[in-house]
Amino acid sequence: MKKILALILLLCVPFAAAAGRGCDLRAPEPRAIETALSLGMRVQEALEASGARVALVARVGQDLSHYGLVHTHAAFAWRDHPMGRWMLVHLLNDCGTDRSSLHDEGLGAFFIDIHRPEAQIVVPSERVQGRLVQVLESDLAEKLHEYRYNMVSFPFNPKYQNSNQWLLEVFAAATATDVAITSRQQAVDWLKATGYRPSTIELGTITRLGGRMFKANIAFDDHPFGRRMAGHIDTATVISIVSFIRARDEGARVITVTVSDWAQ
């Protein structure tokens with residue numbers, strides 16, 4: 001009975017559209033649910049064993065290996081969440097539109113419809129965890145949310161925001177010691193000044209035009225003109241955020257969790 005209850009809590013909320021994808025009203029396949037629950041349980045066990053209060057959890061939502069990316073989307077796993085259990089707090093694109101919302105989600109639901117059953121967990125130092133909890137408990141986390149969504153938003157321009165960028169700006173607000181960050185402009189300025197380096201995605205002209213013309217959740221007008229015209233799109237990714245966290249927080253630990261018996 002306890003195991004069944006744990007599985008229910010892992011799912012916790014209805015299956016929301018994953019970041020950067022349109023809403024899919026079809027029920028998940030049984031195999032996808034089994035994989036999500038299995039990976040979610042293993043991530044929960046790793047989180048419990050780590051002793052963390054809050055951590056970053058990333059998934060392989062789609063295959064972006066041709067851009068040199070593995071983990072595509074990240075969330076904060078928060079044990080001190082007001083609901084009293086491990087919950088994931090993250091930004092999701094609203095059904096392929098140019099808008100986004102902040103969501104709370106169970107660990108199982110987070111891993112529905114993934115490309116590969118692998119999760120990356122980043123456990124910050126206790127000092128940074130405490131500051132992150134303070135931000136997540138306050139209204140600052142919502143103030144740092146920009147509803148205008150862009151899958152490839154430029155991280156040093158607050159015009160748009162992608163899912164990973166929101167997480168990065170929350171980390172900035174929690175760890176900045178030289179300035180009290182209370183706005184997105186302050187967050188992006190601080191990130192630039194402290195050496196955050198986004199990932200560069202190389203896109204051809206046709207790809208850029210197609211994305212802008214046919215995808216409401218993709219825009220390029222926030223990027224520097226010269227870089228954009230050369231096909232260099234700089235954006236916040238999981239790998240760039242993890243690198244930044246490890247550079248800023250020497251006590252941060254990285255844990256990889258997989259489901260080894262999974263077959264695609």
Side-chain angles (χ1 to χ4, degrees), residues 16-21 36 39-40 42-44 46-47 50 52-65 67-79 81 86-93 100-124 128-129 131-133 135-136 141 144-146 149-153 155 160-175 187 191 196-199 201 217 234-249 252-258:
R21 294 194 288 106
L39 184 56
R42 295 185 189 189
V43 168
Q44 179 172 293
L47 287 169
S50 74
R53 298 171 61 194
V54 63
L56 179 151
V57 176
R59 66 188 178 202
V60 187
Q62 53 186 311
D63 183 9
L64 294 181
S65 57
Y67 294 120
L69 304 176
V70 177
H71 302 94
T72 58
H73 176 75
F76 286 116
W78 181 15
R79 186 165 58 185
H81 190 279
W86 281 109
M87 289 290 290
L88 293 171
V89 183
H90 57 147
L91 184 152
L92 287 172
N93 180 214
S100 70
S101 304
L102 296 179
H103 291 259
D104 295 341
E105 192 167 36
L107 281 165
F110 184 72
F111 294 111
I112 284 291
D113 193 19
I114 54 177
H115 174 67
R116 191 169 82 219
E118 176 183 304
Q120 185 177 64
I121 303 171
V122 181
V123 181
V128 172
Q129 286 184 50
R131 293 179 178 177
L132 282 169
V133 170
V135 175
L136 291 171
L144 294 174
H145 167 230
E146 171 55 58
Y149 180 86
N150 178 9
M151 188 185 300
V152 291
S153 59
Y160 305 115
Q161 189 177 56
N162 72 15
S163 299
N164 295 319
Q165 189 177 351
W166 173 78
L167 185 147
L168 176 63
E169 291 174 18
V170 170
F171 178 81
T175 57
L191 287 164
Y196 166 70
R197 298 184 64 180
S199 295
I201 298 173
N217 58 6
D234 305 313
T235 195
T237 62
V238 173
I239 189 171
S240 67
I241 293 172
V242 172
S243 295
F244 185 69
I245 291 175
R246 298 186 76 173
R248 298 288 303 181
D249 182 9
R253 294 172 285 148
V254 177
I255 304 167
T256 299
V257 180
T258 62

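Just so you know, these numbers use all the heavy atoms, side chains as well, and skip hydrogens, waters and symmetry mates. Numbers here are sequence positions counted from 1. Because the structure is predicted, anything quoted here is derived from the model rather than measured.
Gln165 and Glu146 share no side-chain donor-acceptor pair at under 3.5 Å. There is a side-chain donor-acceptor pair under 3.5 Å between Ser100 and His145.
Between Leu56 and Ile241, some side-chain heavy-atom pair lies under the 4.5 Å cut-off. Contact check for Asn150 versus Asn162: no side-chain heavy atoms found under the 4.5 Å cut-off. Inter-residue side-chain proximity for Trp166 and Val89 is flagged as met; some heavy-atom pair is nearer than 4.5 Å. Side chains of Pro117 and Phe111 form no contact here, defined as non-hydrogen atoms less than 4.5 Å apart. For the pair Asp249/Thr175, no side-chain contact is recorded, criterion being any heavy-atom separation below 4.5 Å from C-beta on. Side-chain contact between Leu132 and Pro124 is present, with heavy atoms from C-beta onward closer than 4.5 Å. Inter-residue side-chain proximity for Leu107 and Leu88 is flagged as met; some heavy-atom pair is nearer than 4.5 Å. Using a 4.5 Å cut-off on side-chain heavy atoms (C-beta onward), Leu39 and Ile114 make contact.
Aromatic ring pairs are classed by plane angle as parallel below 30°, tilted from 30° to 60° and perpendicular above 60°; the pair His73 and Phe110 is tilted.
Judged by distance alone, the side chain of Arg246 and the main-chain N or O of Ala252 form no donor-acceptor pair under 3.5 Å. With Gln161 contributing its side chain and Leu144 its backbone, the two residues share a donor-acceptor pair below 3.5 Å. Side chain of Asn217 to main chain of Tyr149: no donor-acceptor pair is present (N/O by atom type, distance under 3.5 Å, no hydrogens or angles). The closest donor-acceptor contact from the side chain of Arg253 to the backbone of Ser50 lies under 3.5 Å. Remark: the backbone N or O of Leu91 is paired with a side-chain donor or acceptor of Ser163 at under 3.5 angstrom. Looking only at distances, a side-chain donor or acceptor of Thr235 sits under 3.5 Å from a matching main-chain atom of Ser153.
Counting non-hydrogen atoms of neighbouring residues, nucleotides and ligands closer than 6.0 angstrom, the CZ atom of Arg131 exceeds 12 such neighbours. Within 6.0 Å of atom CD1 in Ile239, 12 or fewer heavy atoms from other residues, nucleotides or ligands are found, so the atom counts as exposed in its surroundings.
A pairwise comparison of heavy atoms in Gly61 and Thr72 identifies N-OG1, 2.9 Å as the closest pair. Looking at every heavy atom in both residues, Val257 comes nearest to Ala46 through CG2-CB, 4.0 Å. Of all the heavy atoms in Glu105 and Met87, the pair that sits closest is N-CE, 3.5 Å. The minimum heavy-atom distance linking Ala52 with Trp86 is given by the pair O-CH2, 3.4 Å.
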request  = With side-chain contact (heavy atoms from CB on, under 4.5 Å) as the test, would you mind laying out the steps for Val70 and Val60 before giving the verdict?
outcome  = CA-CA 6 Å; Val70 177; Val60 187; 4.2 Å; yes
Intermediate values then yes/no, side-chain contact (heavy atoms from CB on, under 4.5 Å), Asp104 and Trp78 = CA-CA 10 Å; Asp104 295 341; Trp78 181 15; over 6 Å; no
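Here Arg248 pairs with Phe171, Trp190, Thr194, Phe244 under the side chain to side chain contact (heavy atoms under 4.5 Å, CB included) rule; sequence neighbours left out. Evaluation of the ring-ring contact (aromatic ring centres under 6.0 Å, His included) rule for His71 yields no partner, not counting sequence neighbours. With sequence neighbours left out, Ser101 forms a side chain to side chain contact (heavy atoms under 4.5 Å, CB included) with Asp94, His103.
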